[in-house]
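Encoded as C-alpha coordinates, the structure appears first; notes follow it.
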Amino acid sequence: MASITLPAAADFHVHLRDGSMMETVVPTVRQGGASLAYVMPNLVPAITTVEQALEYHSKLQALDPSVAFLMTLYLSPEITPDVIRAAAATGKIAGVKSYPKGLTTNSEGGVVDYAAFYPVFAAMEECDMVLNIHGESPSSETTTILNAEETFLPTLKALHERFPNLRIVLEHCTTAAAVEAVKACGANVAATITAHHLYLTIDQWADNPHCFCKPVAKLPSDRAALLEAATSGNPKFFLGTDSAPHPRSAKVGTANGKTAAGVFTQPYAVQYVASAFDRMGKLDKLRAFVCDFGRDFYKTVEKGWETAEDITKDAIVLEKEPGQVVVAEIGQGEGAVVPFLAGEKLWGVRWL
(Lines give C-alpha, C1' and ligand atoms only; values in the text may rest on other atoms or scores of the structure.)
Protein backbone atom coordinates (compact mmCIF):
# COMPACT_ATOMS: atom_id res chain seq x y z
CA MET A 1 0.00 0.00 0.00
CA ALA A 2 1.73 3.16 -1.23
CA SER A 3 -1.04 5.72 -0.64
CA ILE A 4 -3.88 6.10 1.88
CA THR A 5 -6.67 8.68 1.97
CA LEU A 6 -8.14 9.40 5.40
CA PRO A 7 -10.39 11.95 7.08
CA ALA A 8 -8.50 14.62 8.98
CA ALA A 9 -6.87 13.20 12.10
CA ALA A 10 -7.62 14.27 15.68
CA ASP A 11 -4.87 14.69 18.28
CA PHE A 12 -6.23 14.30 21.79
CA HIS A 13 -3.19 15.53 23.72
CA VAL A 14 -1.22 18.58 22.57
CA HIS A 15 0.93 21.23 24.20
CA LEU A 16 0.69 24.47 22.26
CA ARG A 17 2.36 26.73 24.85
CA ASP A 18 1.92 30.52 24.83
CA GLY A 19 3.64 33.59 23.43
CA SER A 20 6.20 33.17 20.65
CA MET A 21 6.35 29.39 21.10
CA MET A 22 2.58 29.21 20.56
CA GLU A 23 2.99 31.17 17.34
CA THR A 24 5.63 28.70 16.17
CA VAL A 25 3.75 25.54 17.14
CA VAL A 26 0.08 26.16 16.31
CA PRO A 27 0.63 26.18 12.52
CA THR A 28 2.20 22.73 12.78
CA VAL A 29 -1.06 21.04 13.92
CA ARG A 30 -2.34 20.79 10.36
CA GLN A 31 1.13 19.99 9.06
CA GLY A 32 0.82 16.82 11.11
CA GLY A 33 -2.50 15.90 9.50
CA ALA A 34 -4.87 16.93 12.30
CA SER A 35 -7.89 19.22 12.25
CA LEU A 36 -8.70 18.87 15.97
CA ALA A 37 -6.38 19.48 18.92
CA TYR A 38 -7.13 18.72 22.57
CA VAL A 39 -5.11 21.37 24.39
CA MET A 40 -3.29 20.89 27.69
CA PRO A 41 -3.56 23.58 30.40
CA ASN A 42 -0.09 23.57 32.01
CA LEU A 43 0.91 27.08 31.02
CA VAL A 44 2.49 29.56 33.43
CA PRO A 45 0.20 30.49 35.09
CA ALA A 46 -1.84 27.30 34.66
CA ILE A 47 -5.33 27.45 33.12
CA THR A 48 -7.52 27.14 36.22
CA THR A 49 -10.48 29.37 35.33
CA VAL A 50 -13.10 29.37 32.62
CA GLU A 51 -12.06 32.87 31.63
CA GLN A 52 -8.42 31.84 31.14
CA ALA A 53 -9.44 28.86 29.03
CA LEU A 54 -11.67 30.96 26.78
CA GLU A 55 -8.99 33.61 26.36
CA TYR A 56 -6.47 30.93 25.42
CA HIS A 57 -8.96 29.41 22.98
CA SER A 58 -9.36 32.80 21.28
CA LYS A 59 -5.60 33.15 20.85
CA LEU A 60 -5.30 29.70 19.31
CA GLN A 61 -8.30 30.18 17.02
CA ALA A 62 -6.86 33.49 15.80
CA LEU A 63 -3.65 31.73 14.78
CA ASP A 64 -5.43 28.92 12.91
CA PRO A 65 -9.22 29.09 12.57
CA SER A 66 -9.21 25.87 10.50
CA VAL A 67 -8.40 23.77 13.61
CA ALA A 68 -10.97 22.85 16.25
CA PHE A 69 -9.32 23.48 19.63
CA LEU A 70 -10.85 21.71 22.64
CA MET A 71 -9.77 23.22 25.93
CA THR A 72 -9.00 21.80 29.36
CA LEU A 73 -8.68 23.08 32.92
CA TYR A 74 -5.81 22.27 35.28
CA LEU A 75 -6.99 20.24 38.27
CA SER A 76 -6.21 22.33 41.34
CA PRO A 77 -7.98 23.72 44.41
CA GLU A 78 -9.43 26.50 42.24
CA ILE A 79 -11.51 23.92 40.37
CA THR A 80 -14.85 23.49 42.15
CA PRO A 81 -18.13 21.84 41.11
CA ASP A 82 -19.47 25.27 40.13
CA VAL A 83 -16.43 25.86 37.93
CA ILE A 84 -17.07 22.51 36.25
CA ARG A 85 -20.67 23.41 35.50
CA ALA A 86 -19.64 26.80 34.11
CA ALA A 87 -16.92 25.18 32.00
CA ALA A 88 -19.29 22.62 30.54
CA ALA A 89 -21.74 25.35 29.60
CA THR A 90 -19.18 27.13 27.39
CA GLY A 91 -19.18 24.44 24.73
CA LYS A 92 -15.42 24.87 24.38
CA ILE A 93 -13.98 23.25 27.51
CA ALA A 94 -14.07 19.47 27.24
CA GLY A 95 -12.14 18.18 30.23
CA VAL A 96 -9.92 18.61 33.26
CA LYS A 97 -6.28 17.54 33.32
CA SER A 98 -4.72 16.01 36.42
CA TYR A 99 -0.97 16.30 36.91
CA PRO A 100 1.01 14.57 39.67
CA LYS A 101 2.68 17.26 41.73
CA GLY A 102 6.19 18.10 40.53
CA LEU A 103 6.66 15.24 38.07
CA THR A 104 6.54 17.01 34.71
CA THR A 105 6.54 20.42 33.02
CA ASN A 106 4.78 23.11 35.07
CA SER A 107 3.24 20.59 37.48
CA GLU A 108 4.27 22.19 40.76
CA GLY A 109 0.59 22.83 41.49
CA GLY A 110 -0.39 19.25 40.73
CA VAL A 111 -2.40 16.70 42.68
CA VAL A 112 -1.27 15.03 45.89
CA ASP A 113 -4.60 13.63 47.14
CA TYR A 114 -7.36 12.65 44.71
CA ALA A 115 -9.93 12.29 47.49
CA ALA A 116 -9.95 16.07 47.89
CA PHE A 117 -11.43 16.31 44.38
CA TYR A 118 -14.24 13.77 44.70
CA PRO A 119 -16.93 16.51 44.61
CA VAL A 120 -15.32 17.84 41.42
CA PHE A 121 -15.34 14.39 39.83
CA ALA A 122 -19.00 13.97 40.76
CA ALA A 123 -19.78 17.25 38.99
CA MET A 124 -17.78 16.08 35.98
CA GLU A 125 -19.91 12.93 35.84
CA GLU A 126 -23.01 15.08 35.96
CA CYS A 127 -21.75 17.34 33.16
CA ASP A 128 -20.21 14.54 31.08
CA MET A 129 -16.74 16.09 31.11
CA VAL A 130 -13.58 14.03 30.70
CA LEU A 131 -10.90 13.55 33.35
CA ASN A 132 -7.47 13.38 31.73
CA ILE A 133 -4.89 11.79 34.01
CA HIS A 134 -1.13 11.93 33.85
CA GLY A 135 -0.88 8.58 35.57
CA GLU A 136 2.30 8.50 37.61
CA SER A 137 3.01 8.31 41.33
CA PRO A 138 5.40 10.76 42.95
CA SER A 139 8.98 9.59 43.42
CA SER A 140 9.80 7.93 46.74
CA GLU A 141 12.14 5.38 48.25
CA THR A 142 10.42 2.70 46.16
CA THR A 143 9.10 4.69 43.19
CA THR A 144 11.20 6.07 40.33
CA ILE A 145 10.41 7.30 36.83
CA LEU A 146 10.68 3.68 35.67
CA ASN A 147 7.83 2.30 37.80
CA ALA A 148 5.85 5.48 38.54
CA GLU A 149 3.15 4.63 35.99
CA GLU A 150 2.67 1.06 37.14
CA THR A 151 2.41 2.08 40.80
CA PHE A 152 -0.33 4.58 39.86
CA LEU A 153 -2.62 2.00 38.25
CA PRO A 154 -4.45 1.00 41.47
CA THR A 155 -5.47 4.67 41.78
CA LEU A 156 -6.91 4.58 38.28
CA LYS A 157 -8.91 1.47 39.15
CA ALA A 158 -10.17 3.01 42.40
CA LEU A 159 -11.29 6.23 40.68
CA HIS A 160 -13.14 4.25 38.03
CA GLU A 161 -14.88 2.11 40.65
CA ARG A 162 -15.95 5.16 42.65
CA PHE A 163 -17.07 7.15 39.59
CA PRO A 164 -18.12 4.56 37.00
CA ASN A 165 -19.88 7.11 34.80
CA LEU A 166 -16.92 9.48 34.71
CA ARG A 167 -15.09 9.28 31.40
CA ILE A 168 -11.37 8.93 32.18
CA VAL A 169 -8.40 8.97 29.83
CA LEU A 170 -5.10 7.57 31.06
CA GLU A 171 -2.79 9.81 29.12
CA HIS A 172 0.33 8.70 27.23
CA CYS A 173 0.49 5.05 28.31
CA THR A 174 4.04 3.70 28.39
CA THR A 175 3.78 0.22 29.88
CA ALA A 176 2.24 -3.15 29.16
CA ALA A 177 0.74 -2.97 32.65
CA ALA A 178 -1.08 0.28 31.79
CA VAL A 179 -2.49 -1.24 28.61
CA GLU A 180 -3.86 -4.19 30.57
CA ALA A 181 -5.27 -1.94 33.30
CA VAL A 182 -7.20 0.12 30.76
CA LYS A 183 -8.53 -3.02 29.08
CA ALA A 184 -9.71 -4.30 32.48
CA CYS A 185 -11.77 -1.15 33.16
CA GLY A 186 -15.19 -0.43 31.76
CA ALA A 187 -16.02 1.40 28.54
CA ASN A 188 -15.68 4.82 30.20
CA VAL A 189 -11.90 4.39 30.62
CA ALA A 190 -9.66 4.85 27.60
CA ALA A 191 -6.03 5.74 26.93
CA THR A 192 -3.97 7.84 24.59
CA ILE A 193 -0.78 6.51 23.04
CA THR A 194 1.80 8.93 21.68
CA ALA A 195 3.62 8.70 18.38
CA HIS A 196 7.06 8.71 19.99
CA HIS A 197 6.31 5.88 22.42
CA LEU A 198 5.71 3.67 19.39
CA TYR A 199 9.42 4.08 18.68
CA LEU A 200 11.29 4.64 21.94
CA THR A 201 12.73 2.53 24.73
CA ILE A 202 15.04 3.45 27.59
CA ASP A 203 18.07 3.18 25.31
CA GLN A 204 17.06 6.15 23.15
CA TRP A 205 16.35 8.72 25.84
CA ALA A 206 19.29 7.63 27.98
CA ASP A 207 21.70 9.40 25.63
CA ASN A 208 19.48 11.71 23.54
CA PRO A 209 17.73 14.64 25.27
CA HIS A 210 15.36 15.07 22.32
CA CYS A 211 13.90 11.64 23.16
CA PHE A 212 13.44 12.40 26.87
CA CYS A 213 9.86 12.86 28.05
CA LYS A 214 7.67 12.02 31.00
CA PRO A 215 6.47 9.44 31.42
CA VAL A 216 9.71 8.02 30.09
CA ALA A 217 9.81 5.25 27.51
CA LYS A 218 10.37 1.88 29.13
CA LEU A 219 11.37 -1.62 27.94
CA PRO A 220 11.14 -3.16 24.46
CA SER A 221 8.34 -5.37 25.80
CA ASP A 222 6.41 -2.25 26.82
CA ARG A 223 6.90 -0.69 23.38
CA ALA A 224 5.65 -3.92 21.83
CA ALA A 225 2.53 -3.77 24.01
CA LEU A 226 1.85 -0.18 22.92
CA LEU A 227 2.25 -1.08 19.25
CA GLU A 228 -0.08 -4.03 19.71
CA ALA A 229 -2.70 -1.89 21.47
CA ALA A 230 -2.49 0.93 18.92
CA THR A 231 -2.89 -1.44 15.97
CA SER A 232 -5.41 -3.77 17.63
CA GLY A 233 -8.61 -2.02 16.61
CA ASN A 234 -9.59 -1.71 20.28
CA PRO A 235 -11.51 1.60 20.61
CA LYS A 236 -10.07 2.19 24.07
CA PHE A 237 -6.77 3.30 22.48
CA PHE A 238 -6.32 6.35 20.27
CA LEU A 239 -3.84 9.06 19.33
CA GLY A 240 -2.76 11.72 21.78
CA THR A 241 0.71 12.82 20.75
CA ASP A 242 1.69 14.67 23.94
CA SER A 243 3.76 16.77 21.55
CA ALA A 244 5.69 19.01 23.93
CA PRO A 245 7.94 21.67 22.39
CA HIS A 246 10.87 23.11 24.29
CA PRO A 247 13.62 25.37 22.94
CA ARG A 248 16.78 23.51 22.01
CA SER A 249 18.63 25.13 24.93
CA ALA A 250 16.10 23.71 27.41
CA LYS A 251 16.37 20.24 25.92
CA VAL A 252 20.16 20.07 26.02
CA GLY A 253 20.32 21.53 29.50
CA THR A 254 22.17 24.75 28.83
CA ALA A 255 19.37 26.88 30.26
CA ASN A 256 19.39 25.62 33.86
CA GLY A 257 21.48 22.46 33.88
CA LYS A 258 18.46 20.18 33.51
CA THR A 259 16.87 18.51 30.51
CA ALA A 260 13.28 19.58 29.88
CA ALA A 261 10.86 16.66 29.53
CA GLY A 262 9.03 16.58 26.23
CA VAL A 263 9.25 15.27 22.67
CA PHE A 264 8.10 17.52 19.81
CA THR A 265 6.08 15.54 17.25
CA GLN A 266 3.29 17.92 16.15
CA PRO A 267 4.44 18.69 12.58
CA TYR A 268 4.66 14.98 11.70
CA ALA A 269 2.08 13.43 14.04
CA VAL A 270 0.24 11.21 11.58
CA GLN A 271 3.42 10.64 9.56
CA TYR A 272 5.18 9.04 12.55
CA VAL A 273 2.19 6.83 13.30
CA ALA A 274 1.75 5.75 9.68
CA SER A 275 5.41 4.78 9.48
CA ALA A 276 5.14 2.74 12.69
CA PHE A 277 1.92 1.03 11.56
CA ASP A 278 3.51 0.26 8.19
CA ARG A 279 6.35 -1.60 9.90
CA MET A 280 3.74 -3.62 11.80
CA GLY A 281 1.83 -4.41 8.60
CA LYS A 282 -1.25 -2.75 10.14
CA LEU A 283 -1.99 0.24 7.93
CA ASP A 284 -5.59 -0.96 7.75
CA LYS A 285 -5.91 0.03 11.44
CA LEU A 286 -4.52 3.55 10.99
CA ARG A 287 -7.80 5.39 10.40
CA ALA A 288 -9.43 4.04 13.55
CA PHE A 289 -6.46 5.04 15.74
CA VAL A 290 -5.81 8.55 14.40
CA CYS A 291 -9.28 9.58 13.21
CA ASP A 292 -12.20 7.65 14.68
CA PHE A 293 -11.75 6.19 18.17
CA GLY A 294 -10.78 9.42 19.92
CA ARG A 295 -13.62 11.35 18.33
CA ASP A 296 -16.07 8.63 19.34
CA PHE A 297 -14.89 8.60 22.97
CA TYR A 298 -15.03 12.40 23.24
CA LYS A 299 -18.38 12.57 21.36
CA THR A 300 -17.07 15.42 19.21
CA VAL A 301 -19.96 15.32 16.75
CA GLU A 302 -22.63 14.68 19.38
CA LYS A 303 -21.42 17.66 21.42
CA GLY A 304 -21.23 19.94 18.39
CA TRP A 305 -17.47 20.49 18.37
CA GLU A 306 -17.31 19.14 14.83
CA THR A 307 -19.76 17.96 12.20
CA ALA A 308 -19.33 14.81 10.16
CA GLU A 309 -18.80 17.11 7.18
CA ASP A 310 -16.04 19.00 9.02
CA ILE A 311 -14.12 15.78 9.54
CA THR A 312 -14.24 14.61 5.94
CA LYS A 313 -14.15 17.84 3.94
CA ASP A 314 -10.36 18.25 4.41
CA ALA A 315 -9.16 14.74 3.81
CA ILE A 316 -5.48 13.87 4.05
CA VAL A 317 -3.44 11.68 1.75
CA LEU A 318 -0.53 9.68 3.15
CA GLU A 319 2.14 8.63 0.66
CA LYS A 320 5.10 6.36 1.28
CA GLU A 321 6.96 7.88 -1.66
CA PRO A 322 8.40 10.41 -1.91
CA GLY A 323 7.61 10.64 1.82
CA GLN A 324 8.90 13.41 4.06
CA VAL A 325 12.25 13.98 5.77
CA VAL A 326 11.96 15.46 9.25
CA VAL A 327 13.60 18.88 9.33
CA ALA A 328 16.46 19.70 11.68
CA GLU A 329 14.53 22.37 13.57
CA ILE A 330 11.40 24.47 13.51
CA GLY A 331 11.38 28.12 14.51
CA GLN A 332 14.26 30.51 14.74
CA GLY A 333 16.98 31.62 17.12
CA GLU A 334 16.61 30.85 20.82
CA GLY A 335 13.08 29.57 20.25
CA ALA A 336 14.00 26.90 17.70
CA VAL A 337 12.63 23.42 18.49
CA VAL A 338 14.13 20.10 17.38
CA PRO A 339 11.45 17.66 16.15
CA PHE A 340 11.54 13.94 16.93
CA LEU A 341 13.64 11.84 14.52
CA ALA A 342 15.16 14.89 12.82
CA GLY A 343 16.74 13.89 9.52
CA GLU A 344 14.82 10.63 9.15
CA LYS A 345 12.37 9.79 6.36
CA LEU A 346 8.69 9.10 7.10
CA TRP A 347 5.48 8.65 5.19
CA GLY A 348 4.36 12.00 3.82
CA VAL A 349 1.05 13.85 4.36
CA ARG A 350 -0.73 16.29 2.10
CA TRP A 351 -4.20 17.82 2.35
CA LEU A 352 -6.75 17.36 -0.39
[Y] side chain reached by [X] side chain, heavy atoms, under 4.5 Å:
| X | Y | value |
| --- | --- | --- |
| Val337 | Pro247 | no |
| Gln52 | Pro45 | yes |
| Lys59 | Val26 | no |
| Ile79 | Ile84 | yes |
| Asp64 | Pro27 | no |
| Thr49 | Val83 | no |
| Leu239 | Tyr272 | no |

Could you state whether [X] and [Y] fall into the same hydrophobic cluster, counting links through intermediate Ile, Leu, Val, Met, Phe, Trp or Tyr residues with side-chain heavy atoms under 4.5 angstrom apart?
| X | Y | answer |
| --- | --- | --- |
| Val67 | Val349 | yes |
| Leu283 | Phe237 | yes |
| Val96 | Leu54 | yes |
| Val327 | Val29 | yes |
| Val182 | Leu227 | yes |

Option passing side chain to side chain contact (heavy atoms under 4.5 Å, CB included) with His246 (candidates His15, Met21, Arg17): Arg17

Audit row: Tyr199, Ser275, side-chain contact (heavy atoms from CB on, under 4.5 Å) steps and yes/no: CA-CA 10 Å; Tyr199 290 80; Ser275 300; 3.4 Å; yes

[X] side chain to [Y] main-chain N or O, any donor-acceptor pair under 3.5 Å?
| X | Y | value |
| --- | --- | --- |
| Asn165 | Glu125 | no |
| Lys183 | Lys236 | no |
| Asp310 | Thr307 | yes |
| His197 | Pro215 | yes |
| Gln61 | Phe69 | no |
| Thr72 | Val39 | yes |
| Asp222 | Thr201 | no |
| Thr241 | His13 | yes |
| Lys97 | His134 | no |
| Thr90 | Ala86 | no |

Leu198 vs Met280, side-chain contact (heavy atoms from CB on, under 4.5 Å): CA-CA, chis, key distance, verdict: CA-CA 11 Å; Leu198 299 177; Met280 293 284 289; over 6 Å; no

Got a sec: does the [atom1] of [X] have more than 12 other heavy atoms crowding it under 6.0 Å?
| X | atom1 | answer |
| --- | --- | --- |
| Glu329 | CD | yes |
| Lys282 | NZ | yes |
| Glu150 | CD | no |

From CA spacing to verdict: side-chain contact (heavy atoms from CB on, under 4.5 Å), Lys299, Arg167: CA-CA 11 Å; Lys299 308 177 185 178; Arg167 287 184 292 147; 4.0 Å; yes

From [X] [atom1] over to [Y] [atom2], what is the distance, rounded to the nearest 0.5 angstrom?
| X | Y | atom1 | atom2 | value |
| --- | --- | --- | --- | --- |
| Lys258 | Lys251 | NZ | NZ | 14.5 Å |
| Arg30 | Ser35 | CZ | OG | 7.0 Å |
| Ile133 | Thr155 | CD1 | OG1 | 8.5 Å |
| Tyr56 | Ile47 | OH | CD1 | 7.0 Å |
| Cys127 | Leu166 | SG | CG | 11.0 Å |
| Ile311 | Leu6 | CD1 | CG | 13.0 Å |

Closest contact, heavy atoms only, [X] versus [Y]:
| X | Y | value |
| --- | --- | --- |
| Thr5 | Ala315 | CG2-CB, 4.2 Å |
| Ala328 | Val338 | O-CG1, 3.7 Å |
| Cys173 | Leu170 | SG-CD2, 3.8 Å |
| Leu318 | Ala274 | CD2-CB, 3.6 Å |
| Trp305 | Tyr298 | CZ3-O, 3.3 Å |
| Ala87 | Leu73 | CB-CD1, 3.9 Å |

Regarding [X] and [Y], is there a side-chain donor-to-acceptor distance under 3.5 Å anywhere?
| X | Y | answer |
| --- | --- | --- |
| Glu171 | Thr192 | yes |
| Thr175 | Lys218 | no |
| Asp242 | Thr194 | no |
| Glu78 | Ser76 | yes |
| Thr28 | Gln31 | no |

Basic-acidic side-chain contact under 4.0 Å: Glu306, Arg295: yes

ring-ring contact (aromatic ring centres under 6.0 Å, His included) between Phe340 and Tyr268, worked out: CA-CA 9 Å; Phe340 182 54; Tyr268 305 96; over 10 Å; no

Criterion ring-ring contact (aromatic ring centres under 6.0 Å, His included) against Phe163, the qualifying member of Phe117, Tyr114, Tyr118: Tyr118

Verdict with supporting geometry, Arg287 and Ile4, side-chain contact (heavy atoms from CB on, under 4.5 Å): CA-CA 9 Å; Arg287 172 176 172 160; Ile4 310 168; over 6 Å; no

Relative to the ring of [Y], is the ring of [X] parallel (under 30°), tilted (30 to 60°) or perpendicular (over 60°)?
| X | Y | result |
| --- | --- | --- |
| Tyr74 | Tyr99 | parallel |
| Tyr38 | Phe12 | tilted |
| Phe289 | Phe277 | tilted |

Check against salt bridge (Lys or Arg N to Asp or Glu O under 4.0 Å), Glu321 and Lys345: CA-CA 10 Å; Glu321 297 297 339; Lys345 183 181 176 182; 2.8 Å; yes

Criterion salt bridge (Lys or Arg N to Asp or Glu O under 4.0 Å) on Lys214 and Glu136, from CA distance to verdict: CA-CA 9 Å; Lys214 288 186 177 178; Glu136 291 190 285; over 6 Å; no

